[in-house]
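Quick caveat, the model's predicted, so the values are computed rather than measured. In what follows, every heavy atom counts, from backbone to side chain, and hydrogens, waters and symmetry copies are set aside. Order of the sequence lines sets the chain letters (A, B, ...), proteins ahead of strands, with each chain counted from 1.
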4 protein chains.
Amino acid sequence: MGEKWTTKVTKVEPNKLTLRGYQLDELIGKLPFSSTAFLAITGRLPESEEGKLFDAILTSSVDHGVTPPSCQVARTLASTGVPPVQAVAGGISTISDYHGGAITRAMEVFYGVPEDAGKIVESAQDYVARARSEKRVLFGFGHRYHNDDPRTRKLLSLARELGYHGGYCAYALALADALGEALGRRLPLNVDGAIAALLCELGFSPDVGNLIFALARVPGLIAHVMEEKRHFKPMRRIVVEDHLYEGELGRGL
Amino acid sequence: MGEKWTTKVTKVEPNKLTLRGYQLDELIGKLPFSSTAFLAITGRLPESEEGKLFDAILTSSVDHGVTPPSCQVARTLASTGVPPVQAVAGGISTISDYHGGAITRAMEVFYGVPEDAGKIVESAQDYVARARSEKRVLFGFGHRYHNDDPRTRKLLSLARELGYHGGYCAYALALADALGEALGRRLPLNVDGAIAALLCELGFSPDVGNLIFALARVPGLIAHVMEEKRHFKPMRRIVVEDHLYEGELGRGL
Amino acid sequence: MGEKWTTKVTKVEPNKLTLRGYQLDELIGKLPFSSTAFLAITGRLPESEEGKLFDAILTSSVDHGVTPPSCQVARTLASTGVPPVQAVAGGISTISDYHGGAITRAMEVFYGVPEDAGKIVESAQDYVARARSEKRVLFGFGHRYHNDDPRTRKLLSLARELGYHGGYCAYALALADALGEALGRRLPLNVDGAIAALLCELGFSPDVGNLIFALARVPGLIAHVMEEKRHFKPMRRIVVEDHLYEGELGRGL
Amino acid sequence: MGEKWTTKVTKVEPNKLTLRGYQLDELIGKLPFSSTAFLAITGRLPESEEGKLFDAILTSSVDHGVTPPSCQVARTLASTGVPPVQAVAGGISTISDYHGGAITRAMEVFYGVPEDAGKIVESAQDYVARARSEKRVLFGFGHRYHNDDPRTRKLLSLARELGYHGGYCAYALALADALGEALGRRLPLNVDGAIAALLCELGFSPDVGNLIFALARVPGLIAHVMEEKRHFKPMRRIVVEDHLYEGELGRGL
């Protein structure tokens, strides 16, 4: 036997599993999966409204079609004959500084919100000026496809409704305003930025920002990998510019 | 432009995302993440009780401590300095025929349930006899640590409660009985087997069995990777036999 | 301490490394890397001409430009900010049934060469007829870009020169002829098929066929990953159809 | 068609492949694989002695038994049923800051050698003092198993013999001396450090240091993955402390 080392995640005993202090079988059917995920990652159960907000964050990132690099890599792997799980894993492995990483980077900035709410606007303007003079990119603003991203709007309105639209959200929006002013054109908070602000409100550490995105994107990658596997010839050249959406449209809840 | 090809997963338009026919922003805050995952993977929303059952399946697989190969690989990667997302992806990539794959294999068998409910016991006995004479392993029965797995019990009782304890569950249990009789010792349905039976009840295709497990295990892997990263020296020799659980205990909902 | 298990690859002692029975430091500078690779993989040193042939096989597969899925995945990973090693690993992970796997599949067929050299042509015709009636693909013949692949020609002529153009090569060429006759158009042995035939001549087991290809392709993937990293903006959309070669041309040895 | 982009690695034309300006088929059988790898990575052919040295570097890193994290991850993946190529890729993906990364870090330091050879000793002492006062680790010195690593000795003596024991080697050894003095115990240049010094002598850029190591380690990983696959039960618990070497011993060239 070597030196002992300790874990605080899960205790495994015969016929008993304890996750972060809770019996796992007591969570099953009681708590939504997203809240169990919150527990596993942070070590505490979300308060009820926190759980709803965290669930919404995951839902908002479940898929973004065939163009993101995660989807391209996952479909390419599926197409060469790699087993589906390994294709999904390959897709996840693309999540990095420039894909999903904006969440982590934006959180680092948003955690710098001034304590005094009255100074948020000024502080945001200072930050933007400094970033611009140092030629640093501000993550979480603007999007290639969307200029009024419905996910952003929904996440922020939900945060307001649930009482989690606090200082981090205010700072994120103030930064967007300051950036827009500095650039002379609106560069709105994007979905990465909105998620970053909400993860700050929930107390997540910045370094798990892109891991939350990775978790959220798994179902989308599963869908793409299985579609590729089931409906396409192996080793086809996947040109994303040539895709058409031919699925369902206009379904209502 | 090359030849067009089609996808049915997500339509991306400026300021509008359609997932399997539903506007994504309408799902946010309305549906649990697990139901959106169900939608992404199967193309349809779960009926309300199906959603609960699917959520329970995911929750049951969220983590199993430091011994599974997925956790060992993820922690080893984290320990050598690989970024956390890539460490999690590496952990997922271990999910294969012998780790999580039992779900897929068991589903293939359970889908062979006879239509006539009166023939389930006999058919199970035949199946076990045939498998034994062909020296084929039966997946989904028995466990290294647990002989009365609380997750299995909870999943099956929840299925009963929600009205989803149908022919596949009956067949799975009949196979366990037949196997026990043939071996002269009880080899109960394990958590992989229970999940397999429930995924059959929900109409999932066998080839996504281990992908569902992969999705469910991501939060656990995130927890282990971050624990490794934050609390241990890089490149330590991780001997799972030497671990102790020193986390919370006895927390109640 | 648990149960002992054994390895036959490398013995590690203080200040001494033994690879497959040879002191590693005695190999350094004496044997080419490719021969050490041969030793590591097969457990024996190549005879001198075998070493040359194996080296030629590796050289022939070092790169094939930006279109193969391995290169696309590796460059995409590099472009999203994944560290170079992980980008290369992702590229390798695409090597599978339909990318590199033809080597393994072709070896399985070529090892079925009849012992009696006089029956090679007839046996090849039978094999092709059977494969066609069972609608099975024959791997190792035909190529998207090349109809007279210079690598194939060079590998076969080198095998002839070194005395390794034996029954497996003869069978591979007879299969190409039989296939051409059956199809009414020439479908020549491609580079995968040539490599497969030579690996059979060298006694490699079919299951390492695509692993040899993976080893050979690593330098190419390194070149692409570093080019992407150094000369392109992150997260660019990499459309292989739009690439131009602007490197050196016409250099002679 | 989108915007054109350029590559300088490989030009693919029908029946013609040009690697870094050379016809690939002209390299086959003429140049050792390691020299083709050198060409692919650096864009130039090695001078003859450079080729020998680079080949020696690769040979020295081909394997280090079952304990390195790359081997543990690759064997674990093989054991769960992941296809061999993906298991090897998983092994490679462990190569990072703390596994192989020492080569890259050491190269960054060694490239700081003073131009004036007479100042090497003093500069090394300064560097060590500064690193110690900033509590920075010096990479490339000391080893868990070996205190007089036969690979290091061989690589350095070969460099001397071939005329490549220049300023970078001198600086590396001066740093080892300075470190030993500062610590009051010898902490010799290890194999990572020796490789780093030689890669500097050959003009490699530091960021490819651990990629060269990745290439070199592939044959070892193939050997371990295939051994695991062929000779062990799936999903066994792989405890490296319990392994025994039972392969060949005492073979001579």
Is [X] in contact with chain A via its backbone, its side chain, both, or neither, using a 4.5 Å heavy-atom distance?
{"X": "L158(B)", "answer": "side chain"}
{"X": "K16(B)", "answer": "backbone"}
{"X": "R236(B)", "answer": "side chain"}

Are any of the side-chain heavy atoms of [X] and [Y] separated by less than 4.5 Å?
{"X": "E246(A)", "Y": "T7(B)", "answer": "no"}
{"X": "K8(B)", "Y": "E248(A)", "answer": "no"}
{"X": "K154(B)", "Y": "L24(A)", "answer": "no"}
{"X": "P219(B)", "Y": "F33(A)", "answer": "yes"}
{"X": "R251(B)", "Y": "Q23(A)", "answer": "no"}
{"X": "T94(A)", "Y": "V85(B)", "answer": "no"}
{"X": "T67(A)", "Y": "V12(B)", "answer": "no"}
{"X": "T10(A)", "Y": "Y245(B)", "answer": "no"}

task = Could you note down all residue pairs passing side chain to side chain donor-acceptor pair (under 3.5 Å) where residues 201-213 of chain B supplies at least one of them, sequence neighbours left out?
result = R230(A)-S205(B), R230(A)-D207(B), S205(B)-D207(B)
request  = Using side-chain contact (heavy atoms from CB on, under 4.5 Å) as the criterion, point out the one residue from T42(B), V9(B), I41(B), V208(B) that pairs with M226(A).
outcome  = V208(B)
message = Looking at D25(A) and R151(B), would you say the former's side chain and the latter's main chain have a donor-acceptor pair under 3.5 Å?
response = no
task = Would you check if the side chain of Q86(A) reaches a backbone N or O of I95(B) as a donor-acceptor pair within less than 3.5 Å?
result = yes
task = Test L17(B) against H64(A) for side chain to side chain contact (heavy atoms under 4.5 Å, CB included), laying out the working first.
result = CA-CA 7 Å; L17(B) 284 166; H64(A) 196 270; 3.7 Å; yes
ask   = Do other residues, nucleotides or ligands put more than 12 heavy atoms under 6.0 Å from K229(B) NZ?
value = yes
query = Does any donor atom in the side chain of D149(A) or N15(B) lie under 3.5 Å from an acceptor atom in the other side chain?
reply = no
task = Just say parallel, tilted or perpendicular for the rings of H243(B) and W5(A), cut-offs at 30° and 60°.
result = tilted
